[in-house]
Asker: 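To start, I am sharing the structure in question, which I have written as structure tokens.
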Amino acid sequence: TDLLPLVRITNLAYPLIDTLLLTIAFVTLRIAGGKVKTGVGILVLGLLTQVGADLVYTYRTAHELYWNGDISDILYTITSFIVFCAIVKIVSQFELADS
């Protein structure tokens, strides 16, 4: 109850934006076909880890347990790597289709 309004809004925005991103990713996964489907599947995995990282970060920040290099930071790093791999996979499939 002693949180600032901006902190409350931010804590609510994390899961809401993550829900929106996951919805878009799952719709894209359902629509995507052919060679791009694998890359989109990896992207969905990356967004799932993003949701986990956001939830851990929000929880640990609310309970004043967060510190730099925390498990949420490690999850954010893993998320970045997975999303990067997905982008490389999707772009490489488009390049193979063009040639």
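None of the values given here were measured: they were computed from a predicted structure. Counting begins at 1 with the first residue of the sequence.
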Asker: For L29 versus K37, what's the shortest heavy-atom pair and its separation?
Answerer: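 Looks like CD1-O, 3.9 Å.
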
Asker: Quick one: pull up OG1 in T28 and CG in L43 and give me the separation to the nearest 0.5 Å.
Answerer: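 Result: 8.0 Å between the selected atoms.
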
Asker: For Y66 versus S72, what's the shortest heavy-atom pair and its separation?
Answerer: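 Residues Y66 and S72, closest heavy atoms: CE1-OG, 3.4 Å.
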
Asker: Are the side chains of T49 and L75 in touch, meaning some heavy atoms are under 4.5 Å apart?
Answerer: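 With C-beta onward as the side chain, the pair stays apart.
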
Asker: Output yes when a side-chain donor or acceptor of T58 lies under 3.5 Å from a complementary backbone atom of L55, and no otherwise.
Answerer: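 No, the answer is negative, given that no donor and acceptor are paired below the 3.5 Å cut-off.
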
Asker: Name all pairs fulfilling the salt bridge (Lys or Arg N to Asp or Glu O under 4.0 Å) condition that reach into residues 65-93, sequence neighbours left out, sorted by first residue then second.
Answerer: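 Every pair satisfying salt bridge (Lys or Arg N to Asp or Glu O under 4.0 Å) with a residue in residues 65-93: R60-D70.
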
Asker: Are I82 and I74 linked, directly or through intermediate hydrophobic residues, by side-chain heavy-atom contacts shorter than 4.5 Å (ILVMFWY only)?
Answerer: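 Yes, one cluster joins them.
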
Asker: Please round to the nearest 0.5 Å and tell me the distance separating atom CG of L47 and atom CG of L20.
Answerer: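 Atom-to-atom, L47:CG and L20:CG are 10.5 Å apart.
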
Asker: In Å and rounded to the nearest 0.5 Å, what is the OG1 to CG distance from T10 to L4?
Answerer: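 The CG atom of L4 is 10.0 Å from OG1 of T10, to the nearest 0.5 Å.
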
Asker: By the definition side chain to side chain contact (heavy atoms under 4.5 Å, CB included), identify the one residue from L22, I17, L21 that meets it with V51.
Answerer: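 The option that passes is L22.
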
Asker: Are F26 and I90 connected into the same hydrophobic cluster when the rule is that any two of I, L, V, M, F, W, Y join if their side-chain heavy atoms are below 4.5 Å apart?
Answerer: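 Linked within one cluster.
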
Asker: How far apart are the closest heavy atoms of A86 and I42, and which atoms are they?
Answerer: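 It is CB-CG2, 3.7 Å.
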
